[in-house]
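Excluded from the calculations below are hydrogen atoms, water molecules and symmetry mates; all remaining heavy atoms, backbone and side chain alike, are included.
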Amino acid sequence: MRNITDLSPSVVWSFFYEICQIPRPSKKEKLILDYLQSFGRKYNLDTIQDKTGNLVIKKKASAGFENLIPVVLQSHVDMVCEKNSHIVHNFDKDPIKPYIDGDWVKAKGTTLGADNGIGMAYQLALLASEDVKHGPIECLFTVDEETGLTGAFGLESGFLEGKILINLDSEDDGVVFIGCAGGIDTVGQFKAEYDDTPNTVFAFKIWVGGLKGGHSGDDIHKGLGNANKIVTRFLWDITRKIDYKLSGIEGGNLRNAIAREAWAVGVVPFDKKEEVRVLFNIFSAEVEEELRNTEPNLSLKMESVEIPDKVLNENIQNRLLNTLYAMPHGVLAMSMEIPGLVETSTNLASVKIIDGKIFVTTSQRSSVESSKVSAANMVESVLLLGGANVTHSDGYPGWNPNTNSMILDIAVKNYEIRFGTKPEVKAIHAGLECGLFLKKYPNLDMISIGPSIKGAHSPDERVCIKSVLKYWLHLLDLLESIPKN
């Protein structure tokens, strides 16, 4: 099997392979930051870290390019840590295992971290190069983008000197992004109150898996299954037919990933054992038929388990299941200005019982600030009806498109010259850090570009080999075409 370091451009893939060896979960980025600082020392480059943890590595211009406008190249250092349930992997310690599969690079059973590891690899390749023509460049590496945009929120005024920023966190070949949605998280908290398990019961576990999952911004419009909604739907239905008591439930993981797996454990009177199995088989067939086009690998399983000591009391069980069933998930509105762009959405991200509390985590996005707030309020209202305590994150702003951007014009022209076709210019429903950068640096001229990455935020994440080379060449063209200051 070929090693990914043999791919072209080898300098980019070699750095990406090194990055894959370094654990870098969100909020646990010390190892990758240490690596970047060591890199800066190795190449005698000015390396500065702010109090939030963000790093800037600066490189002087190539000979003859000293008068070009300074450019900031930006990526984030953390990655989404998702794995298939049967895979043994500790994201705090174990390296990612990339491999080549046809035209793609994937990881063995986990997220690959091409989001945003490929962006980092581009930056390091440019910083290490001796023959690339460029003006003054600053490579900005932000922390904790995936779970709260902490680095972008904490970026200090005066930390950057560049006037143009090229964000390397996009995932669509042939597209230049000039805008993104803003977002906010809404979390409901219930108190888990228990009763003793009744006598003469049958205990079973239902499990939903095999879903594609994916990015709650990029993939929310694709009609993918949400494991939390599927499990809830069955539980809600059988409580209307059988004396069912719920003991435990868990599904999903990260706020910005569509839930791929979920499970629940409960009990029914022993004489209802066969009826439950029949109802589950009917339900499974219905859901598989509904999702046959979007989720061909959907798997629904039921198995008997040891009888639990405790079950949720009837009041909290009903409140929780009614809340989860009523909770909206998916696209709420499409843009009337940009055809095909999701304007507003919400994601039922996870359900977890931790230390006697039930947490329901959701995430809302919109390119319209008032709609973002309204979506969060709608989700809050559902949680309040269920009797939950509700909190919201601080949220982050969207990035309003600037169609008069100078760097946009340069990027479009260079792309057409190099590849013979014009790129699309679009806004994205996913969140990028650019909106927050504009708050600190309102005069920045920005675009976002990147190679084709599919299945981000899921173990199906993969990056297109050819497009990595394509965007390396595009980036080199861009840097050489920056006008004089």
Side-chain angles (χ1 to χ4, degrees), residues 26-27 29 50-54 72 74-80 115-116 119 140-157 159-160 165-171 177-187 215-220 254-258 331-333 335 341-350 361-380 390-402 426-444 446-448 450 456-457:
S26 300
K27 302 187 186 300
E29 299 107 330
D50 69 11
K51 62 184 179 182
T52 306
N54 303 308
V72 179
Q74 186 266 326
S75 67
H76 61 83
V77 301
D78 60 319
M79 65 173 284
V80 168
D115 172 14
N116 195 209
L140 171 62
F141 302 88
T142 54
V143 298
D144 192 29
E145 186 268 353
E146 297 290 4
T147 64
L149 294 103
T150 304
F153 269 111
L155 188 67
E156 300 170 6
S157 299
F159 194 54
L160 303 175
L165 187 142
I166 302 174
N167 171 276
L168 301 173
D169 193 21
S170 289
E171 302 168 357
F177 289 102
I178 59 170
C180 72
I184 189 170
D185 300 336
T186 305
V187 180
H215 195 294
S216 63
D218 288 345
D219 301 318
I220 198 69
L254 301 175
R255 62 168 183 82
N256 51 9
I258 301 171
V331 176
L332 299 178
S335 172
L341 175 67
V342 177
E343 182 178 276
T344 308
S345 73
T346 184
N347 176 40
L348 175 53
S350 69
T361 301
T362 73
S363 179
Q364 293 76 52
R365 300 176 188 266
S366 184
S367 52
V368 178
E369 182 66 18
S370 59
S371 295
K372 180 188 77 175
V373 174
S374 177
N377 290 342
M378 177 176 64
V379 170
E380 178 180 0
V390 183
T391 57
H392 297 283
S393 69
D394 291 335
Y396 57 90
W399 167 26
N400 291 324
N402 174 18
K426 297 172 65 176
I428 190 173
H429 187 57
L432 296 170
E433 294 158 288
C434 299
L436 286 168
F437 296 152
L438 279 178
K439 282 203 163 187
K440 305 294 178 63
Y441 299 87
N443 295 319
L444 271 177
M446 298 189 298
I447 58 170
S448 180
H457 298 187

Can you tell me how far the [atom1] atom of [X] sits from the [atom2] atom of [Y], to the nearest 0.5 Å?
X    : Y    : atom1 : atom2 : result
F153 : E433 : CZ    : CD    : 10.5 Å
C180 : L341 : SG    : CG    : 10.5 Å
L155 : D50  : CG    : CG    : 6.0 Å
K439 : C434 : NZ    : SG    : 14.5 Å
D218 : N256 : CG    : CG    : 10.5 Å
I447 : N167 : CD1   : CG    : 9.5 Å

Side chains of [X] and [Y]: closer than 4.5 Å at any heavy-atom pair?
X    : Y    : answer
N347 : I258 : yes
S367 : H429 : no
K27  : T150 : yes
V390 : V187 : no
I220 : V331 : yes
E156 : K51  : yes
Q74  : L168 : no
V368 : E343 : yes

Modelled atom types, side-chain donor and acceptor of Q364 and T186, under 3.5 Å | yes
Check whether any side-chain N or O of [X] sits under 3.5 Å from a backbone N or O of [Y] as a donor-acceptor pair, and report yes or no.
X    : Y    : result
E145 : G151 : no
K426 : G179 : no
T52  : N54  : no
D115 : A456 : no
Y396 : G148 : no
N116 : H76  : yes
H457 : S216 : no
K372 : S366 : no
E380 : M378 : no

So which atom in [X] and which in [Y] form the shortest heavy-atom distance, rounded to 0.1 Å?
X    : Y    : result
F437 : L444 : CB-CD1, 4.2 Å
D144 : E29  : N-OE2, 2.6 Å
S26  : D78  : OG-OD2, 2.6 Å
R255 : S363 : O-CB, 3.4 Å
F177 : S170 : CD1-OG, 3.2 Å
A375 : L332 : CB-CD1, 3.8 Å

Decide yes or no on side chain to side chain contact (heavy atoms under 4.5 Å, CB included) for L149 and L436, but give the supporting numbers first.
-> CA-CA 9 Å; L149 294 103; L436 286 168; 3.9 Å; yes
Between L140 and L160, is a side chain to side chain contact (heavy atoms under 4.5 Å, CB included) present by the stated rule, with each step listed?
-> CA-CA 8 Å; L140 171 62; L160 303 175; 4.0 Å; yes
